[in-house]
Amino acid sequence: METLNQDSLALIVANLNSKDARNLSYTARMFHAVAKEHALKDVTLHSFPNVVKFCNYILHDAPDRLPSLHALRVRCIVESAERLAQGHRYGEPSADEYKSGATLLADVLHEVPDLRVFVLDQAEIWMTYERRIVTLVSSLCALQEIGFTDIGPQVADTLRGLKSTPRRMALEDPIDNFGIPSPSAWQFRLEPTNLSFPSVHVLSVRAQQVLPGALDLARVFPNARVVNFGDRYVSNFRVLFGPQPPHIRTVDWPSLEHVYGTGHALRWWTNAHPIHCLELLSPLRKVDNNESGVQKLNPSAEREDARTAVKHVQPVALVVTMSARLGEKYMREFFSSMTRLRYVSVEVWDVYRYQTWLPDLRKWWVSDIPTHRANKADSDCTEQSTVQKTLARHSELVCLKVRCSVTQRDLTRSDVEQTGTDPEDAPTSPAQALENVLASLPQWAVKVPSLRYLSLDLRETSPALKACRWNVSIRVGTRRYEVSELLVVRHIY
């Protein structure tokens with residue numbers, strides 16, 4: 001290591017994020033200079049006091065490091081002067097302090113003309129406190145990624161004057177104190193006039209009431225390949241809806257390849273060109289009809305919306321989270337409606353206890369209950385799901401990924417969320433449970449003639465289920481743990 005020159009060290013450190021580079025700078029003198037410089041290339045600030053500290057530091061104590069700043073993400077909550085006038089909370093900055101902080105942020109932006117990534121939460125409030133932010137962000141010519149939450153008139157002026165050609169753009173609703181997206185308070189709708197961003201390939205439009213309709217979005221972002229419409233259910237969300245059911249809105253988006261959204265949002269929407277991948281962000285649950293669903297939508301309605309959405313979108317690849325207890329009739333109609341489907345990635349909602357991992361997956365894969373015993377009046381909810389039979393009918397399916405959020409902790413069984421009971425020979429450890437599952441999967445896979453690849457994706461907790469499991473108390477997080485993959489390949493003679 002001592003023989004490496006500064007250029008070699010710089011190449012190594014360039015692969016680290018800012019936090020790791022900063023920690024590396026504390027370990028040895030030979031790393032200190034190069035790692036410390038890299039630590040400020042990508043900065044994320046999560047509180048208003050930290051924004052003020054950082055701006056003061058880089059402007060007054062380390063101005064020579066301003067040229068190395070390539071990415072700045074301001075992910076903190078600020079309050080508008082109108083809200084502060086209604087009452088000041090203890091420890092909360094005043095309107096004058098917010099204004100001073102916005103001035104400091106504008107001063108930093110003035111000194112970094114080569115900034116490549118800029119993300120500003122509650123951008124409308126920041127720009128209201130300091131109008132210079134509008135002109136400074138618009139004049140940044142090297143931006144490759146830009147993101148705003150809280151869209152209003154100031155943000156609209158910024159977008160209209162934007163001189164850069166970003167490849168990634170996010171226009172989203174603001175986040176409240178609990179981390180939940182909430183509608184903007186500005187009662188503003190972004191007009192598409194004089195807006196065009198042909199350089200954007202990855203687009204997030206998770207704003208509920210602010211953005212223009214789907215036809216206008218396709219014109220504003222004609223070359224977008226990946227579009228995320230968000231996972232919130234809003235009854236008056238007009239971005240994807242047609243005028244009145246059953247009129248289907250056809251959007252001409254030639255470059256679109258990957259779509260994220262809920263079944264409810266995509267129900268009355270289709271693209272004039274084929275879409276490769278659809279990821280449904282609202283889990284398909286099996287819950288009694290009198291219970292509220294994940295996004296305040298009845299679970300049976302969520303299932304029907306998802307079925308209609310996949311029929312209209314016709315993806316080649318589908319990513320979905322669904323209950324292990326969905327009925328055979330629903331599963332058959334859901335998958336058979338997609339004639340182009342080749343790849344399926346399914347997160348099994350009900351499987352989370354390692355003690356019942358195998359029996360739960362078995363009941364999801366192949367039912368032990370005869371079909372004639374199901375209630376004919378509600379067969380898509382009361383019959384046991386038979387994934388094997390459903391997928392076997394799909395002659396073009398070649399790849400299946402099964403995702404399970406199995407925790408290593410001992411959890412009590414829930415009759416609502418769990419499909420299997422604890423067997424007498426239940427595994428005593430997650431490792432033993434994994435061995436049992438891996439031994440069974442190849443035997444199940446050969447029952448689907450067209451299947452060539454089977455993958456098992458494991459994680460202790462799942463981002464998709466983070467806010468959705470009400471009846472289970474497990475640690476919430478997005479860190480991925482051990483991932484085991486099983487590859488099943490048939491030779492074709």
Side-chain angles (χ1 to χ4, degrees), residues 226 228 231 258 260 276-285 306 310 315-326 331 334-335 341-366 385 387-388 390-391 394 397-409 411 417-420 427 429-448 450-469 472 474-489:
V226 179
N228 188 336
D231 58 356
H258 194 143
Y260 297 82
H276 179 75
C277 183
L278 169 63
E279 184 162 347
L280 290 175
L281 301 181
S282 182
L284 309 182
R285 302 186 65 185
V310 298
V316 174
L318 175 70
V319 183
V320 63
T321 299
M322 59 174 52
S323 170
R325 299 190 295 165
L326 292 177
M331 295 287 287
F334 181 79
F335 284 104
L341 192 64
R342 302 293 181 272
Y343 171 90
V344 177
S345 177
V346 179
E347 177 142 19
V348 189
W349 175 280
D350 318 75
V351 178
Y352 58 84
R353 298 180 68 237
Y354 72 83
Q355 294 92 337
T356 58
W357 189 0
L358 182 59
D360 291 340
L361 273 183
R362 182 183 292 115
K363 284 195 174 184
W364 173 69
W365 184 259
V366 56
S385 170
V387 176
Q388 173 186 308
T390 302
L391 297 184
H394 219 291
L397 184 67
V398 296
C399 184
L400 173 65
K401 174 182 280 189
V402 180
R403 296 175 289 139
C404 298
S405 305
V406 179
T407 179
Q408 299 185 17
R409 299 171 57 191
L411 298 176
E417 297 289 344
Q418 196 71 4
T419 62
S429 67
Q432 183 182 356
L434 177 60
E435 291 180 2
N436 296 341
V437 172
L438 292 179
S440 300
L441 278 180
Q443 304 171 25
W444 299 348
V446 296
K447 302 296 184 181
V448 181
S450 63
L451 198 61
R452 295 294 180 268
Y453 302 96
L454 176 64
S455 157
L456 179 64
D457 186 352
L458 309 180
R459 60 193 74 189
E460 183 168 332
T461 54
S462 165
L465 306 183
K466 182 177 178 181
C468 303
R469 282 186 172 144
V472 185
I474 60 178
R475 179 166 57 84
V476 170
T478 59
R479 178 183 176 185
R480 292 187 60 160
Y481 288 78
E482 176 187 8
V483 175
S484 299
E485 289 192 353
L486 175 66
L487 185 63
V488 179
V489 181

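Here, residue 1 is the first one in the sequence, and each next residue gets the next number.
- Side-chain N or O atoms of Ser450 include one that pairs as donor or acceptor with a backbone N or O of Leu397 at under 3.5 Å.
- The residue from Glu279, Arg285, Glu347 that alone fulfils the side-chain contact (heavy atoms from CB on, under 4.5 Å) condition with Thr321 is Glu347.
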*With side chain to side chain contact (heavy atoms under 4.5 Å, CB included) as the test, would you mind laying out the steps for Phe334 and Val310 before giving the verdict?*
CA-CA 8 Å; Phe334 181 79; Val310 298; 3.9 Å; yes
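- With respect to Val437, the side-chain contact (heavy atoms from CB on, under 4.5 Å) criterion is satisfied by exactly one of Leu361, Val402, Val351: Leu361.
- Between the CH2 atom in Trp364 and the CH2 atom in Trp444 there is a gap of 9.0 Å [rounded to 0.5 Å].
- When atom types are taken as modelled, the side chain of Thr356 and the backbone of Pro359 share no donor-acceptor pair closer than 3.5 angstrom.
- Going from atom CZ of Phe335 over to atom CG of Leu318 covers 6.5 Å, rounded to the nearest 0.5 Å.
- Residues that satisfy the side-chain contact (heavy atoms from CB on, under 4.5 Å) test with Ser345, not counting sequence neighbours, are Val319, Tyr343, Lys401, Arg403.
- We find the OH-CG distance between Tyr260 and Leu278 to be 10.5 Å, quoted to the nearest 0.5 Å.
- Using a 4.5 Å heavy-atom threshold, the side chains of Val316 and Cys277 count as separate.
- Applying the ring pair (Phe, Tyr, Trp, His ring centres under 6.0 Å) test to His394 and every residue at least two apart in sequence or in another chain returns nothing.
- To the nearest 0.5 Å, the span separating CG on Leu441 from CH2 on Trp365 amounts to 8.0 Å.
- Atom CG in Leu358 sits 4.5 Å away from atom OG in Ser440 (nearest 0.5 Å).
- Rounded to the nearest 0.5 angstrom, Tyr354 OH and Cys404 SG are separated by 16.0 Å.
- Contact check for Leu451 versus Leu400: side-chain heavy atoms found under the 4.5 Å cut-off.
- Tested against Val387 for a side-chain contact (heavy atoms from CB on, under 4.5 Å), the candidates Lys363, Met331, Met322 yield a single pass: Met331.
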